A.B. asks: 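To start, I am sharing the structure in question, which I have written as structure tokens.
Since the structure is predicted, the reported quantities are computational estimates derived from the model, not experimental observations. Keep in mind that the numbers below use all heavy atoms, side chains included, and drop hydrogens, waters and symmetry copies. By convention in this document, chain letters (A, B, ...) are assigned in the order of the sequence lines, proteins followed by strands, and residues within each chain are numbered from 1.
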4 protein chains.
Amino acid sequence: MKSDDAPRPRGRPRSTKARSAILRAARELLAEGGPAAVTMEGVASRAGVGKPTVYRWWPDRHAVAMAALMEGEAPQTTRRAPRSAILALRQQLRTIAERFASPTGRHVATMIAASDLETEFSKAFRNHFVLARRAEGRVLLEQAIREGDIRTDLDAEVALDLLYGPLFFRLLMGHAPLDASFTDEVLSHALQGLARRKSSIRSGG
Amino acid sequence: MKSDDAPRPRGRPRSTKARSAILRAARELLAEGGPAAVTMEGVASRAGVGKPTVYRWWPDRHAVAMAALMEGEAPQTTRRAPRSAILALRQQLRTIAERFASPTGRHVATMIAASDLETEFSKAFRNHFVLARRAEGRVLLEQAIREGDIRTDLDAEVALDLLYGPLFFRLLMGHAPLDASFTDEVLSHALQGLARRKSSIRSGG
Amino acid sequence: MKSDDAPRPRGRPRSTKARSAILRAARELLAEGGPAAVTMEGVASRAGVGKPTVYRWWPDRHAVAMAALMEGEAPQTTRRAPRSAILALRQQLRTIAERFASPTGRHVATMIAASDLETEFSKAFRNHFVLARRAEGRVLLEQAIREGDIRTDLDAEVALDLLYGPLFFRLLMGHAPLDASFTDEVLSHALQGLARRKSSIRSGG
Amino acid sequence: MKSDDAPRPRGRPRSTKARSAILRAARELLAEGGPAAVTMEGVASRAGVGKPTVYRWWPDRHAVAMAALMEGEAPQTTRRAPRSAILALRQQLRTIAERFASPTGRHVATMIAASDLETEFSKAFRNHFVLARRAEGRVLLEQAIREGDIRTDLDAEVALDLLYGPLFFRLLMGHAPLDASFTDEVLSHALQGLARRKSSIRSGG
DNA sequence: ATCTAAGCGAGACGGTACGTCACGTCTTGGG
DNA sequence: CCCAAGACGTGACGTACCGTCTCGCTTAGAT
């Protein structure tokens, strides 16, 4: 069989040099002035690139900013594997909190909230920064279930939102700090539950 | 006599009429095209008002849009008081979810993301739409503690974020529906906890 | 020998098919939207030709438009030779007027105005559409002199401009119709002169 | 009666300062690079004016260039009245030729030929630079008729085009110089006629 | 029967200018 | 003193073409 699903593009190929210059420029502007500073004109002129070239790669400035954030991410510093899935979850939540507490984190959140929700690009963006981590969390959660630390009768989607939701909440509302001690507490409260233990007999409801 | 209590200002009685015309126009534009459609020019012209008049009340278009959202909120349909604080919480979460699931909910999220976080106006906005509800939740939580349904040894701020964070999360990410069954599950999962009961009764592995 | 002044071109020869496709496309665009519509991109895409191919033949879009106009001209419908040079002149002026009155006439004027005046291409263009006719006129004028219908003491260049200038004038200014009756009158006025006859026969004031 | 056909404009009045700055900038650019150099961006930036302000006054760059040319015209240097209408005509033709021989003259011609012919603006432009002079010429021509120097049986419109057409012809075609000796010869040839005097008896035909 | 160099279509490149929109400020005259 | 109206300078928008440059593929004359 031939791999003819990539129909051999005609014409001059896109310049990856231009692409990376654009992303670098966008990253700089993002760092200097936040998402609002990522204008097409600014990006193009700083990248030494024509405006149409930017539009050739991305449909609008939001997409450029998102791409810059996604591409600009530092490589994952893999830490040694924790002993249990619960500990791994705790570690992951701490890492996420640390990253989101940075200016870049604010930018990510801003862009997520401002984006269209239906656009392909914004879906990819949310997936990259949040849902992928949440999916990792799902793996850890299932592992924790197998390890006997988590109840088997719960709705995993709800459980995941219970863990990751509070992070975003603080990030966007800014009503309280977003740090490791917070995520640790979120995890422990979520695990233990808020309800007072009435008695070992009471089945709940 | 009340006829002479406003003798000195020379041209001002129009003010409240202009103000509400502006807000009505902003609300309409919001409904038609989202926050991006709330432009100063659009608002002013639709309200039949000069641009400087708009600037007299609000510093920029974000503020106008926020004010429109805040003012435009339907009056609270007070439902009969639930029997317990827990049930009241459940009811409140349902109500919030219902509102967030509407287009207005998306607009609120967008505005929160776009706003400065430090501005007085945006603080008021976040407070109006989110933190005020969270504060109501704190009251209910304390009541629930007194009623003996909630543990006394928990961090209330964390507990509150555990309840409200997931709603916000789904609002922003749109990865799953934001409805009453979700908030019910959030509440029950948060109360019961995710951890498997390792009670003293538990006999074996 | 003249065969070796073309130094034996290597490689693939130019495609005359491409050339004529380009000119046809340019002619169509000219007809549809005037000279402004003859863009390199438009011509190339309509001709199914790459842009560099167009540039291989002509230096810029003006040249393409000019070439299209020159090539697209209908073949000269040779009418039977008139009895005298004066009548031939009258016929020629009528023909020119007829052509200038068409949309193509306006396009020619536009191109002449837009062109550099010094460029080789624009010289050829002006020559093709105007000066060549004027040169034909010079022949007829000289013939008419020989036939005894035209004075021998006049400046032929001035005389020619006297005949062809008015046509061009109406073409450019559009202040009055450009038709056969006009050119006939131009010719007769030019021949007879505007001045009142102050002949020796004239008896009194 | 009230003069209510000028319905008293509301709002801030147009800044004539901006207007004249725009025209000055356009005039400079015209002098430096011809009509092609009169770009909206260039004009606006050189005039220290926003682009929208330029568009508020004129619909496109052609109009700006035309307005600049019309406004920038040096005041008419009135020369002493000649003894006869014929001499006045000769003087006028010389003056026109002198002006059109300048770079500005080329620009005027270029703009005339490039313009739409139907636009109100371009009509005004042609009128200002050419048809107004031609109208002056009509007055002189009628005066010359009264003075007995010009035939009474001619078509004045044709006669006028016979005088002014050759000027434009040389201006645009550049095939021969456009100077006073040319216009003098045009006038004398037009007056005397090109035809050979067959005999004093022959009435013409 | 190759070889090989130019032409071919396509289309991305860095640019420039377009004409529009909205910003937030300033300037009118009227009430 | 506020009001509506609207012009102001600013600056970004997204588009259209410019003329140049790479691609990989013909194609036809020279070898």
Side-chain angles (χ1 to χ4, degrees), chain A residues 8-19 21 36-45 47-57 59-61, chain B residues 8-15 17-18 36-45 47-56 59-61, chain C residues 8-15 17-18 21 36 38-45 47-57 59-61, chain D residues 8-19 21 36 38-45 47-57 59-61:
Chain A
R8 183 229 302 174
R10 307 273 308 239
R12 177 177 178 174
R14 299 267 187 89
S15 157
T16 52
K17 228 172 80 179
R19 198 190 116 99
V38 182
T39 66
M40 287 310 223
E41 306 234 314
V43 166
S45 93
V49 140
K51 247 198 301 178
T53 298
V54 187
Y55 282 103
R56 240 166 243 131
W57 287 91
D60 54 42
R61 62 174 151 164
Chain B
R8 289 188 211 116
R10 294 188 43 171
R12 202 169 167 181
R14 189 66 198 277
S15 61
K17 224 170 91 178
V38 182
T39 66
M40 287 310 224
E41 311 231 313
V43 166
S45 95
V49 141
K51 269 201 287 178
T53 302
V54 186
Y55 282 103
R56 230 164 257 133
D60 53 42
R61 61 167 157 164
Chain C
R8 173 226 313 186
R10 305 261 311 211
R12 179 179 179 174
R14 298 255 189 97
S15 157
K17 228 173 81 179
V38 182
T39 67
M40 287 311 223
E41 311 231 312
V43 166
S45 96
V49 140
K51 264 200 291 177
T53 300
V54 187
Y55 281 104
R56 234 166 252 131
W57 290 91
D60 54 41
R61 62 169 157 161
Chain D
R8 180 229 305 174
R10 306 273 306 239
R12 177 178 178 174
R14 300 266 188 90
S15 157
T16 52
K17 227 172 82 178
R19 197 190 118 98
V38 182
T39 67
M40 288 310 225
E41 307 232 312
V43 166
S45 93
V49 141
K51 253 199 297 179
T53 298
V54 186
Y55 282 104
R56 238 166 247 133
W57 287 92
D60 54 43
R61 62 173 151 165

A.B. asks: By side-chain hydrogen bond (donor to acceptor under 3.5 Å, both in side chains), which residues pair with D:T39, not counting sequence neighbours?
C.D. replies: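 So D:T39 forms no side-chain hydrogen bond (donor to acceptor under 3.5 Å, both in side chains) with any residue.
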A.B. asks: If each of A:V54 and C:A18 is mapped to the nucleotide of DNA chain E with the nearest heavy atom, which maps nearer the 5' terminus, i.e. the 5' end?
C.D. replies: C:A18
A.B. asks: Mind listing the closest non-hydrogen atom pair of A:M40 and A:R61 along with its distance?
C.D. replies: CE-N, 3.8 Å
A.B. asks: Once side-chain contact (heavy atoms from CB on, under 4.5 Å) is applied, do any residues pair with A:R14, and if so which ones, sequence neighbours excluded?
C.D. replies: A:R56, A:W57
A.B. asks: Can a side chain N or O of C:T53 be found less than 4.0 Å away from OP1 or OP2 on E:dG7?
C.D. replies: no
A.B. asks: If each of A:T16 and C:W57 is mapped to the nucleotide of DNA chain E with the nearest heavy atom, which maps nearer the 5' terminus, i.e. the 5' end?
C.D. replies: C:W57
A.B. asks: With respect to the phosphate group of E:dA12, does any side-chain polar atom (N or O) of A:S15 fall under 4.0 Å of OP1 or OP2?
C.D. replies: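 Negative; the distance criterion is not met.
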A.B. asks: Can you name the side-chain contact (heavy atoms from CB on, under 4.5 Å) partners of D:S15, sequence neighbours left out?
C.D. replies: D:K17, D:A18
A.B. asks: Got a list of protein N/O to nucleotides 15-19 of chain E N/O distances below 3.5 Å?
C.D. replies:
unit_1, atom_1, unit_2, atom_2, d
E:dC18, OP1, D:M40, N, 2.8
E:dC18, OP2, D:M40, N, 2.8
E:dC18, OP2, D:E41, N, 2.9
E:dG19, OP2, D:Y55, OH, 2.7
E:dG19, O5', D:Y55, OH, 3.3
E:dG19, N7, D:K51, NZ, 3.1
E:dG19, O6, D:K51, NZ, 2.7

A.B. asks: How many whole angstroms separate atom CZ of A:R14 from atom P of E:dA10?
C.D. replies: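 Going from CZ in A:R14 over to P in E:dA10 covers 17 Å.
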A.B. asks: Over how many whole Å does the gap from D:R12 atom CZ to F:dG6 atom C1' extend?
C.D. replies: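 So the CZ-C1' distance, D:R12 to F:dG6, works out to 9 Å.
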A.B. asks: Which residues satisfy the side-chain contact (heavy atoms from CB on, under 4.5 Å) test with A:A47, sequence neighbours excluded?
C.D. replies: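 Expected list: A:A21, A:I22, A:A25, A:V49.
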A.B. asks: I'd like to check the side-chain hydrogen bond (donor to acceptor under 3.5 Å, both in side chains) partners of A:R19; sequence neighbours left out, ordered by chain and number.
C.D. replies: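 Partners of A:R19 under the side-chain hydrogen bond (donor to acceptor under 3.5 Å, both in side chains) test: A:E71.
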